[in-house]
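Single-structure report; data block below.
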Amino acid sequence: MLELELCGKLADVGGAFVKTVIPAEGCSVAELFAMVARQHPALAPSLDASRIRACVNEAVVAPNARVMPGDEVALFPPVSGG
Amino acid sequence: MSAQVTLATEAFDPAELLGRFSRELEGEGAVVSFTGHARDRAKDGALVDALVLESYRGVTLASMEDIAADAMARFDVTRCRVVHRAGRIAPGEAIVFVATASAHRRSAFEAADYLMDRLKTEAVFWKREEGPLGRRWIEPRESDHEDARRWHP
């Protein structure tokens, strides 16, 4: 089980946190996106992997990075400061 | 050589920051500063009551520190100061302040320009305008990305 934090406008769609079941041995970030879309269909249209990035344990990671149950994961839509 | 970076959760005074930055000079001949303020109108002219900037744990500050470190490495500047607000910002309040110092002006101008271009597109914030008609998320415009790409030919 993973509790994902949804940042920015993603939270408007799915609330600030969503629980997602992932395999005990973990999965890749790309696989995680597919699982979130399957388990939370309302979020699926917002999960364009070319625009949404995963942050695992406070580091933005590539789609092939590994995610383990219990990791601190957040999904980042495009950022904008200034 | 130093970069000082702050994530501010309360309003700050850009004039006071610039004054302190200038008093700490050690012989540099040039200081450039930029302050971004929250506008009272959206791009389409709609009234804005507040700009809200969300951040994420330590990642937001780390992203700002990375950008400042890159500016220090890339340009011939001796120091830079970056302050960025998070939270709810009223129209007119400062959102972001950058200041750079160098022996001569060109490096200070370029480093400040670079800092702002990268903060606009890479600092980990999510920004929304709130007004009478509801809330609207603001993402970097294509022109912002074009500005940032100038530094990555």
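What you see is a predicted model, and the numbers here were worked out from it, not measured in a lab. In the text below, chain A, chain B and the rest are named by the order of the sequence lines, each starting its count at 1.
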Pair Leu43(A)-Leu6(A), side-chain contact (heavy atoms from CB on, under 4.5 Å): steps then yes or no: CA-CA 10 Å; Leu43(A) 272 174; Leu6(A) 302 177; 3.9 Å; yes
Flag the one option from Ala86(B), Ala62(B), Pro140(B) with the top tally of heavy-atom pairs under 4.5 Å to chain A. Pro140(B)
Looking at Arg128(B), Met64(B), Arg118(B), Arg135(B), which has the largest count of heavy-atom pairs under 4.5 Å with chain A? Arg135(B)
From CA spacing to verdict: side-chain contact (heavy atoms from CB on, under 4.5 Å), Arg39(B), Glu129(B): CA-CA 10 Å; Arg39(B) 283 182 287 261; Glu129(B) 289 167 344; 5.9 Å; no
Output the residues of [range] for which the shortest heavy-atom distance to chain A is under 4.5 Å, in residue-number order; output 'none' if no such residue exists.
{"range": "residues 21-38 of chain B", "value": "none"}
{"range": "residues 90-114 of chain B", "value": "Ile95(B), Val96(B)"}
{"range": "residues 46-58 of chain B", "value": "Leu53(B), Glu54(B), Tyr56(B), Arg57(B), Gly58(B)"}

Would you say [X]'s side chain and [Y]'s backbone share a donor-acceptor pair under 3.5 angstrom?
{"X": "Thr121(B)", "Y": "Ala148(B)", "answer": "no"}
{"X": "Trp137(B)", "Y": "Gly8(A)", "answer": "no"}
{"X": "Ser2(B)", "Y": "Arg79(B)", "answer": "no"}
{"X": "Arg81(B)", "Y": "Gln4(B)", "answer": "yes"}

Taking side chain as everything from C-beta outward and backbone as N, CA, C, O, which of these in Arg51(A) sits under 4.5 Å from a heavy atom of chain B? Side chain, backbone, both or neither. side chain
Hey, could you give me the [atom1]/[atom2] distance between [X] and [Y], rounded to the nearest 0.5 Å?
{"X": "Glu5(A)", "Y": "Cys55(A)", "atom1": "CD", "atom2": "SG", "answer": "9.5 Å"}
{"X": "Ile67(B)", "Y": "Arg74(B)", "atom1": "CD1", "atom2": "CZ", "answer": "13.0 Å"}
{"X": "Thr6(B)", "Y": "Leu17(B)", "atom1": "OG1", "atom2": "CG", "answer": "8.0 Å"}

Determine the minimum heavy-atom distance between Ile22(A) and Pro69(A), stating which atoms define it.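 For Ile22(A) versus Pro69(A), the nearest heavy atoms are CD1-N, 3.6 Å.
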What heavy-atom pair brings Glu31(A) and Ser28(A) nearest, and what distance separates the two atoms? OE1-N, 2.8 Å
Run the side-chain contact (heavy atoms from CB on, under 4.5 Å) check on Leu32(A) and Leu4(A) step by step: do they pass? CA-CA 10 Å; Leu32(A) 172 67; Leu4(A) 282 111; 4.2 Å; yes
Residues which pass salt bridge (charged side-chain N to carboxylate O under 4.0 Å, His left out) with Arg141(B), listed by chain and number, not counting sequence neighbours: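 Expected list: none.
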Is the number of heavy atoms from other residues, nucleotides or ligands within 6.0 Å of CD (Glu16(B)) greater than 12?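 Buried by this count: over 12 neighbours within 6.0 Å.
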Looking at Val60(A), Asp12(A), Val79(A), which makes the most heavy-atom pairs under 4.5 Å with chain B? Val79(A)
Where do Leu47(A) and Leu75(A) land on the side-chain contact (heavy atoms from CB on, under 4.5 Å) test, with the steps shown first? CA-CA 9 Å; Leu47(A) 287 181; Leu75(A) 299 187; 3.8 Å; yes
